[in-house]
**Student:** 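Here it is, the structure in full.
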Protein chains: 2
Amino acid sequence: MSNDDQNGIDYSMLQSRLGYKLRRAQLVYFDVFFEACAQEGITPGLFSILAIIYHNPGLTQSAVSTALDVDRSAMVAAIDKLESMEVVERRKSKNDRRSYALYLTDKGKEFTERLNRKVAAGEDNFDSFMKEGEREWLLDLLDRIIAARKGG
Amino acid sequence: MSNDDQNGIDYSMLQSRLGYKLRRAQLVYFDVFFEACAQEGITPGLFSILAIIYHNPGLTQSAVSTALDVDRSAMVAAIDKLESMEVVERRKSKNDRRSYALYLTDKGKEFTERLNRKVAAGEDNFDSFMKEGEREWLLDLLDRIIAARKGG
DNA sequence: GCGAAATGTTTGACACGCCAACAATTTAAA
DNA sequence: TTTAAATTGTTGGCGTGTCAAACATTTCGC
């Protein structure tokens with residue numbers, strides 16, 4: 001077995017580096033993910049926000065940001081954009097006058113469902129190299145990696 | 001089976017999205033990778049460059065950039081830094097007066113080997129949640145994903 | 001020999017993550 | 001109850017990384 005690719009480059013030191021391989025593989029799937037989202041005029045990051053709000057209506061911006069593990073300052077421009085697209089709305093919370101409760105509009109719900117179908121189809125369309133059951137196994141292993149984040 | 005995490009958030013739409021899970025997992029391993037590199041005053045991107053030059057001495061900057069799938073303009077500052085650390089040197093190519101041939105210095109070879117041990121140890125130290133043989137399986141599957149990049 | 005392509009390089013735009021502030025508000029402590 | 005500490009949304013700055021375009025020098029194809 002060789003450590004060369006088709007260009008004759010020796011990748012020995014990177015061959016068994018999960019950090020490197022995960023990055024390259026993530027870039028590949030990001031393209032798939034991105035292309036599906038772009039068809040609906042949106043980015044993968046914005047889709048993940050919609051996906052969270054869809055199943056968790058009423059969440060605050062901070063709650064969404066911690067759910068997705070992004071900085072809450074990044075949420076401002078994101079919700080601004082989704083609100084300008086009329087798929088998300090900020091409602092003033094009665095309990096806490098500091099925060100907003102986030103909801104999808106009717107248009108937003110339909111938009112998110114269509115987006116979800118498109119993204120899922122885009123990924124499934126790219127799974128031809130996977131053997132039976134491998135996808136589920138991969139998702140499970142990735143979950144374990146994510147869960148082991150802090151001092152597993 | 002629930003789609004909630006420990007905070008009671010419903011992740012249904014993201015639960016089986018490889019694009020999302022790969023990104024999260026990559027972030028986790030990037031931290032491991034980054035920490036190991038930081039101990040030697042370097043970044044994961046610079047390590048990958050060293051790893052390529054280590055096993056492929058004499059490569060041009062463009063060859064390294066295509067091998068790592070990064071823009072060749074990004075190579076300039078990277079090699080500048082590695083040269084200032086005296087681990088890499090640009091030698092003028094006799095055949096092609098446009099390009100440089102990249103080589104590791106003796107110091108650079110030792111540096112890269114120590115770095116490689118540290119990065120590998122950092123990853124192995126984080127593999128406790130993996131079952132026997134799972135790591136090889138994962139690396140193989142990631143390779144297939146990367147190889148399927150263009151029109152799989 | 002002449003036009004096309006490659007190499008290293010610079011530059012500018014753009015996005016993104018990270019961190020530090022800040023005002024308004026809520027919570028906890030004394 | 002008064003006061004200190006924490007939270008929320010928001011802005012701004014800084015560093016990074018990506019991407020595209022341009023450029024001079026040099027090489028390659030015809």
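Everything numeric in this text was worked out from a predicted model, so none of it was measured. Note on naming: letters A, B, ... go to the chains in the order of the sequence lines (proteins, then strands), and numbering restarts at 1 for each one.
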**Student:** Quick one: sort the B:F129 and B:Y29 rings into parallel, tilted or perpendicular, breaks at 30° and 60°.
**Tutor:** perpendicular

**Student:** Going 5' to 3' through nucleotides 2-21 of chain C, assign each nucleotide B (protein heavy atom under 4.0 Å from a base atom), S (under 4.0 Å only from sugar-phosphate atoms) or - (no protein heavy atom that close).
**Tutor:** ----BBBBB------S-B--

**Student:** Output every pair passing ring pair (Phe, Tyr, Trp, His ring centres under 6.0 Å) with a member in residues 43-101 of chain B, not counting sequence neighbours, ordered by first then second residue.
**Tutor:** B:F33-B:F47

**Student:** Using the salt bridge (charged side-chain N to carboxylate O under 4.0 Å, His left out) rule, collect all pairs that involve residues 57-78 of chain A, keeping only residues at least two apart or in two chains.
**Tutor:**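 Matches after skipping sequence neighbours: none remain.
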
**Student:** What residues form a side-chain contact (heavy atoms from CB on, under 4.5 Å) with A:A74, not counting sequence neighbours?
**Tutor:** none

**Student:** If the helix axis at each end comes from five base pairs, how far does the helix from C:dG1-D:dC30 to C:dA30-D:dT1 deviate from straight, to 10°?
**Tutor:**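 Nearest ten degrees gives 30° for this helix.
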
**Student:** 5' to 3' on DNA chain D, which nucleotides open and close the contacts with chain B (atom under 4.0 Å from a heavy atom)?
**Tutor:**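 Contacts span D:dA20 to D:dT27, reading 5' to 3'.
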
**Student:** Restricting to pairs with a member in residues 34-50 of chain B, which pass salt bridge (charged side-chain N to carboxylate O under 4.0 Å, His left out), not counting sequence neighbours?
**Tutor:** B:E40-B:R114, B:E40-B:K118

**Student:** Other than A:F34, which residues form its hydrophobic cluster under the rule that side-chain heavy atoms must be closer than 4.5 Å?
**Tutor:** A:F30

**Student:** I need the full list of salt bridge (charged side-chain N to carboxylate O under 4.0 Å, His left out) pairs touching residues 54-68 of chain A, with sequence neighbours left out, sorted by first then second residue.
**Tutor:** none

**Student:** With sequence neighbours left out, write down each residue that passes side-chain contact (heavy atoms from CB on, under 4.5 Å) with A:D96, or none if nothing qualifies.
**Tutor:**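 So A:D96 forms a side-chain contact (heavy atoms from CB on, under 4.5 Å) with A:S93, A:R98, A:S99.
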
**Student:** Hey, what else clusters with A:Y103 if you join Ile, Leu, Val, Met, Phe, Trp, Tyr whenever side-chain heavy atoms sit under 4.5 Å?
**Tutor:**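 Taking Ile, Leu, Val, Met, Phe, Trp and Tyr as members, A:Y103 stands alone, with no cluster partners.
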
**Student:** Could you tell me which residues satisfy side-chain contact (heavy atoms from CB on, under 4.5 Å) with B:K94, sequence neighbours excluded, listed by chain and number?
**Tutor:**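 Partners of B:K94 by the side-chain contact (heavy atoms from CB on, under 4.5 Å) criterion come out as none, since no residue qualifies.
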
